[in-house]
Amino acid sequence: MTERKIRVLIAKPGLDGHDRGAKVIARALRDAGMEVIYTGLRQTPEMIAEAALQEDVDVVGLSILSGAHNALVPAVIDKLHENGLKDVKVFVGGIVPEPDIPDLLNKGVYAVFGPGTSTQFVADEIQKAVKSRI
Amino acid sequence: MTMDSLDPQAIRAGNRLALARALTAVENNTPESREIQAALFPHTGHAHLIGVTGAPGSGKSTLVNQLAKAFRHPQGNANAPRVAIIAVDPTSPFTGGALLGDRIRMQDLAGDKGIFIRSMASRGALGGLAHNTAAFATVLDGAGFDVIIIETVGAGQAEVNIATLAHTVIVVEAPGMGDDIQAIKAGILEIADIIVVNKADRPGAENTARALQAMLEMARGDTSNFAQAGKHMRRAQHDQKEAFEPIGEQALWNTPIQLATAVDGKGVEDIVGHILHHKAFLQETGLWQVKEGQRLRKDLESLIQDLLIRRWQEALDDGKFSSILQDVIEKKRTPLDAAEALIRT
């Protein structure tokens, strides 16, 4: 059997104006040996869940700078579940105030990575999360 | 991942989750993947496989996006062909990872349930395709897709495996990516059934098209014997005209050169026209079946190679290998002698 690669979808839901952070993470995960599919800006929850389905990813990373995470993240998770993707691990990065984090975790987010999180740490956390899925 | 996700019935009925999971199984060569391929293989042979290749930055993904849209137009038409896209990108040889960025150019296709886009990393395979791209095409064909567009790794000159896999190969060039000499790197030109000079709004597009036309004509006119994507041709001896007669039943296809600006959709209708024209040509001349035969043969040979090597590796005594390798390093044996000795295991 071929060595299994971790497939990650990095998505930008909502109306963020730039994606530098998402691209940094995407490159870092590639350097950690993962296959990273990047969606580009201005994705709807439907588009993200559709891409996650077609690409059969292990992980969805949502990068949100706009502050709309409380609306967008649960919407994405709902769509993922609708598509039958219950065991995909969802990570959130960007600008998420600490008080909002517990609620996101309760809604099914695996982890939230704030600004300044080391990319190595993100890669390691993803490896750990996926091991429990395969 | 549960076994019942890999249900061929579900896949043929249009269940996209089952399809996605099957593709993953195939990509990873799992035991279940053999059963799913066996179940779907008898239903293959219907889809039109279109390869899109060309140097990085020539606009392949943008063109694929437009082609898929054109095939699906008008939207909501139940008779529009179902389109699958396989987008292959290179795996980093150093990290083993890959950035699969072709989907970004295909935003227009989101929401259309008749389109399925799957990104593949090359995972070390050379030749522009991933090792299991052909197997992906089998699954998608068996799943009922009418058109399968395969976008290869941005090509230099060696990425020509697409020629054996696809019925119709589109080579995408862009002006200003090097001088006319680039066009002479003929490996790519020889496999083209359609050449697109994209980004035609840029200066030099007409010149690029002219240079390519000259290259195509040279390839036809100069040699008395040449192979065009596996079709052997011979200059007609009995008259002086620059005519070619086919050897056997094989006929000649005139590769069109099409200017386009994919990002604006210009030229896309014409390209679709060429594609349909080429498909009709293949079907009328019987080359459609010939290509299928060639592809299956190549697939078979490649699998035999893999199996033989794997068997040899399993039977190999590591100690014997190390000691024979040492002989080579100490110049006691040539590498060829050593290889023959090792195969004789």
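Proteins come first, then strands; the chains are lettered A, B, ... in the order of their sequence lines, and each starts at number 1.
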Enquirer: Above 12 or not: heavy atoms from other molecules or residues under 6.0 Å from CD of B:Glu301?
Expert: yes
Enquirer: Quick check for you: among B:Thr95, B:Thr91, B:Leu23, which has the greatest number of heavy-atom pairs under 4.5 Å with chain A?
Expert: B:Thr95
Enquirer: Given heavy-atom pairs under 4.5 angstrom as the criterion, report whether the side chain, backbone, both or neither of B:Ile115 touches chain A.
Expert: backbone
Enquirer: For the side chain of A:Lys5 and the backbone of B:Gly96, is there at least one donor-acceptor N/O pair under 3.5 Å apart?
Expert: yes
Enquirer: Please list all pairs meeting salt bridge (Lys or Arg N to Asp or Glu O under 4.0 Å) that have one or both residues in residues 111-125 of chain A, counting only residues at least two apart or in different chains.
Expert: A:Glu125-A:Lys128
Enquirer: Can A:Ile37 and B:Arg103 be said to form a side-chain contact (heavy atoms from CB on, under 4.5 Å), step by step?
Expert: CA-CA 8 Å; A:Ile37 297 125; B:Arg103 283 192 89 100; 3.7 Å; yes
Enquirer: To check you understand the geometry: which heavy-atom pair defines the closest contact between B:Gln107 and A:Thr39, and what is its length?
Expert: NE2-O, 2.8 Å
Enquirer: Under 4.0 Å between a side-chain nitrogen and a carboxylate oxygen: does that hold for A:Glu35 and B:Arg123?
Expert: yes
Enquirer: Enumerate by number any residue of residues 7-16 of chain A whose heavy atoms lie under 4.5 Å from heavy atoms of chain B; in the absence of such residues, state 'none'.
Expert: A:Arg7
Enquirer: Which of residues 47-54 of chain A have a heavy atom under 4.5 Å from any heavy atom of chain B?
Expert: A:Met47, A:Glu50, A:Ala51, A:Leu53, A:Gln54
Enquirer: Indicate the atoms forming the closest heavy-atom contact of B:Ile104 with A:Gly40, along with that distance.
Expert: CG1-N, 4.0 Å
Enquirer: Taking salt bridge (Lys or Arg N to Asp or Glu O under 4.0 Å) as the cut-off, I'd like each qualifying pair that reaches into residues 23-32 of chain A, sequence neighbours left out, listed once.
Expert: A:Asp19-A:Lys23
Enquirer: Check the surroundings of atom CZ in B:Arg105: do more than 12 heavy atoms from other residues, nucleotides or ligands lie under 6.0 Å from it?
Expert: no
